[in-house]
Undergrad: 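Dropping the structure in here first, questions after.
Numbers here are sequence positions counted from 1.
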Amino acid sequence: MVTRTSVLGVVARTFVASFLLALAVVVIYPLLWMVLNGFKTNSELFGNPFALPLQFTWENYAKAWNRGVSSYLMTSILVTVTATIATVFISAWAAYGLTRMQIPFSRTVLALILGGLMLAPAVALIPLVRMFQALGLYNTFWALLILYVAFRIPFTTFLIRAYMVDLPVEIDEAAAVDGAGKARAFWSIVLPMCKPILVSSVILNILFTWNEYLFAMVFTSGGDLQTLPIGLTNLMSKHGTEYPVVFAGMTIAAVPVILLFFLTQKYFVRGLADGVGK
């Protein structure tokens with residue numbers, strides 16, 4: 001017997017499925033369009049930008065790679081990996097100290113750390129430029145590393161602390177009984193238990209650093225320090241009439257992050273749900 005409740009349930013599921021399908025199309029289609037246009041010639045692109053390429057060749061991707069994308073990619077990987085590792089581990093140490101150790105004025109320290117979330121990067125540009133010039137760090141790898149780590153520590157600490165708060169204190173007490181110090185307990189017990197939120201923090205920091213444009217533009221002035229967002233801008237300015245080459249470069253820049261998300265999406269979703277949701 002068909003009831004009103006069952007009918008409403010079918011309608012609701014159909015609506016949700018249709019909405020998710022439409023959302024997937026909205027997200028996936030522009031990416032697919034970008035990838036396919038990287039295989040076209042200029043005449044194909046302007047003739048029918050929404051058609052499939054007449055012939056799939058890797059010529060545009062090779063051109064983009066040889067015109068600087070390879071250098072920009074290596075720089076982005078180096079900056080992103082270094083900044084992400086430093087940010088996550090510094091934030092994890094801070095979160096551990098704030099949740100598992102008796103630190104004087106811990107609430108004040110936490111408030112000061114989280115206060116960094118209110119500082120907009122654009123507001124601090126002029127004093128930061130002057131400070132880095134005075135220290136001789138302007139237009140160096142260290143400038144980007146320090147900025148990315150400093151501006152991501154507040155949010156990352158907030159995220160990891162929210163996860164650590166609900167970890168049972170008994171595990172620290174058991175570790176102390178077995179003779180483990182705070183450092184050993186952190187590395188061997190607490191940190192492995194925080195794997196989901198650590199993966200989520202890593203992905204969020206990678207997305208930020210990989211796509212960051214403002215600091216990379218202001219604090220580097222060319223050469224080997226240019227990251228992918230700046231490099232793609234240069235590619236567009238120098239070869240703006242060769243749009244398929246530009247699309248190929250954009251695809252190369254997007255592939256590493258997309259692959260990373262698909263490989264770690266289980267931990268990413270679980271970490272956010274357990275961390276932010278608490």
Undergrad: Quick one: pull up CG in L225 and CG in N139 and give me the separation to the nearest 0.5 Å.
TA: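 So the CG of L225 and the CG of N139 are separated by 5.5 Å.
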Undergrad: Are W33 and F247 close enough that their ring centers fall under 6.0 Å?
TA: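 Yes, close enough.
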Undergrad: Does V257 share a hydrophobic cluster with L259, counting links as ILVMFWY side-chain heavy atoms below 4.5 Å and allowing steps through other members?
TA: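 No, no single cluster joins them.
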Undergrad: Only one of L228, T84, V79 clears side-chain contact (heavy atoms from CB on, under 4.5 Å) with W210; which?
TA: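 Only match with W210 under side-chain contact (heavy atoms from CB on, under 4.5 Å): L228.
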Undergrad: Check P121 against F151 and note the closest heavy-atom contact, atom names and distance.
TA: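 Here P121 and F151 meet closest at CA-CE2, 3.9 Å.
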Undergrad: Side-chain contact test, heavy atoms from C-beta onward, threshold under 4.5 Å: evaluate it for T99 versus L167 and give yes or no.
TA: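 Answer no - side chains too far apart.
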Undergrad: Do I230 and Y213 have side-chain heavy atoms sitting under 4.5 Å apart?
TA: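 Answer yes - side chains close enough.
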Undergrad: Between P30 and V25, which heavy-atom pair has the shortest distance, and what is it?
TA: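 So the two residues come closest at CD-O, 4.1 Å.
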Undergrad: Only one of T209, N205, T87 passes side-chain hydrogen bond (donor to acceptor under 3.5 Å, both in side chains) with R152; say which it is.
TA: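 For R152, the side-chain hydrogen bond (donor to acceptor under 3.5 Å, both in side chains) check succeeds only for N205.
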Undergrad: How long is the straight-line distance from CD1 of I206 back to CG of L260, given to the nearest 0.5 Å?
TA: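 It comes to 4.5 Å.
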Undergrad: Rounded to the nearest 0.5 Å, what separates atom OG1 in T80 from atom CD1 in I85?
TA: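 Atom-to-atom, T80:OG1 and I85:CD1 are 11.0 Å apart.
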Undergrad: For P49, is there any backbone N or O sitting under 3.5 Å from a side-chain donor or acceptor partner on K40?
TA: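 It does hold such a pair.
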Undergrad: Can you check whether Y148's main-chain N or O pairs, donor with acceptor, with E212's side chain at less than 3.5 Å?
TA: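 Here the side-chain-to-backbone pair does not exist.
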Undergrad: Are L114 and V165 linked, directly or through intermediate hydrophobic residues, by side-chain heavy-atom contacts shorter than 4.5 Å (ILVMFWY only)?
TA: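 Different clusters: V165 never reaches L114 through Ile, Leu, Val, Met, Phe, Trp or Tyr contacts under 4.5 Å.
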Undergrad: Answer whether the closest heavy-atom distance between the side chains of L204 and F208 falls below 4.5 Å.
TA: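 They are not in side-chain contact.
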Undergrad: Would F89 and L191 count as a side-chain contact (heavy atoms from CB on, under 4.5 Å) here? Give the steps.
TA: CA-CA 10 Å; F89 279 108; L191 210 58; 3.6 Å; yes
Undergrad: How close do G116 and P154 get, counting heavy atoms only, and between which atoms?
TA: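 The pair with the smallest heavy-atom distance is CA-CG, 3.9 Å.
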Undergrad: Which atoms form the tightest heavy-atom contact between F186 and A92, and what is the distance?
TA: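 Looking at all heavy atoms of both residues, the shortest contact is CE1-O, 3.6 Å.
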Undergrad: Hey, quick one: are L31 and V35 part of the same hydrophobic cluster, counting side-chain heavy atoms closer than 4.5 Å, chains of contacts allowed?
TA: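 Same cluster: L31 reaches V35 through Ile, Leu, Val, Met, Phe, Trp or Tyr contacts under 4.5 Å.
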Undergrad: Check this for me: L32, atom CG, are more than 12 non-hydrogen atoms of other residues, nucleotides or ligands nearer than 6.0 Å?
TA: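 Count over threshold, so yes.
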Undergrad: Specify whether F155 and F158 have parallel, tilted or perpendicular ring planes, treating 30° as the upper limit for parallel and 60° as the lower limit for perpendicular.
TA: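 Answer is tilted, since the angle falls between 30° and 60°.
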Undergrad: Using side-chain heavy atoms (C-beta onward) and a distance below 4.5 Å, is S18 in contact with T14?
TA: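 S18 vs T14: side chains touch.
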Undergrad: According to a 4.5 Å side-chain heavy-atom criterion applied to Ile, Leu, Val, Met, Phe, Trp and Tyr, with indirect links allowed, do V255 and V246 form part of one hydrophobic cluster?
TA: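 Each belongs to a different hydrophobic cluster.
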Undergrad: Closest heavy-atom contact between F141 and L78?
TA: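 Reported closest heavy-atom pair: CE1-CG, 3.9 Å.
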Undergrad: Grouping I, L, V, M, F, W and Y whenever their side-chain heavy atoms are under 4.5 Å apart, do V190 and M193 come out in a common cluster?
TA: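 Looking at the clustering, M193 is in the same group as V190.
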Undergrad: Just so I know, are the side chains of T140 and F132 near enough to count as touching, which here means a heavy-atom distance under 4.5 Å?
TA: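 No - every pair of side-chain heavy atoms lies 4.5 Å or more apart.
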Undergrad: When you compare the side chain of L137 with that of F219, does any pair of heavy atoms fall below 4.5 Å?
TA: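 SC-SC contact between F219 and L137 ruled out.
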Undergrad: Quick one, L198 with Y163, criterion side-chain contact (heavy atoms from CB on, under 4.5 Å). Give me CA distance, side-chain angles, the key distance, then yes/no.
TA: CA-CA 10 Å; L198 292 178; Y163 192 93; over 6 Å; no
Undergrad: May I ask you to decide if N66's main-chain N or O and S70's side chain share a donor-acceptor pair within less than 3.5 Å?
TA: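 Checking the backbone N and O of N66 against the side chain of S70, no donor-acceptor pair under 3.5 Å is found.
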Undergrad: Going from CD on E44 to CG on L36, what distance comes out if it is rounded to the nearest 0.5 angstrom?
TA: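 E44 CD to L36 CG: 11.0 Å, rounded to 0.5 Å.
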Undergrad: Ignoring hydrogens, what is the shortest heavy-atom contact between I160 and I197? Give both atom names and the distance.
TA: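 Taking every non-hydrogen atom into account, CA-CG1, 4.2 Å.
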Undergrad: More than 12 foreign heavy atoms under 6.0 Å from CZ of F56: is that the case here?
TA: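 More than 12 heavy atoms, drawn from other residues, nucleotides or ligands, come within 6.0 Å of this atom.
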Undergrad: Nearest 0.5 Å, what's the CD-CZ distance between Q133 and R130?
TA: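 Interatomic distance, Q133 CD to R130 CZ, rounded to 0.5 Å: 9.0 Å.
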Undergrad: Does a side-chain heavy-atom distance below 4.5 Å link L128 with V218?
TA: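 No. Closest side-chain heavy atoms not under 4.5 Å.
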Undergrad: What's the spacing between I203 CD1 and F261 CZ if we round to 0.5 Å?
TA: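 I203 atom CD1 to F261 atom CZ measures 6.5 Å (nearest 0.5 Å).
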Undergrad: For a 4.5 angstrom cut-off between non-hydrogen side-chain atoms, does L232 reach Y72?
TA: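 No, side chains not in contact.
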Undergrad: Show your working on side-chain contact (heavy atoms from CB on, under 4.5 Å) between Y29 and F50 and close with a plain yes or no.
TA: CA-CA 11 Å; Y29 180 75; F50 299 103; 3.2 Å; yes
Undergrad: With a cut-off of 6.0 Å (strictly less than), are more than 12 heavy atoms of other residues, nucleotides or ligands near CZ of F46?
TA: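 Yes, the 6.0 Å shell around CZ holds more than 12 heavy atoms from other groups.
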Undergrad: Take F39 and N60, measure what side-chain contact (heavy atoms from CB on, under 4.5 Å) needs, and give me the verdict at the end.
TA: CA-CA 6 Å; F39 290 100; N60 293 322; 5.7 Å; no
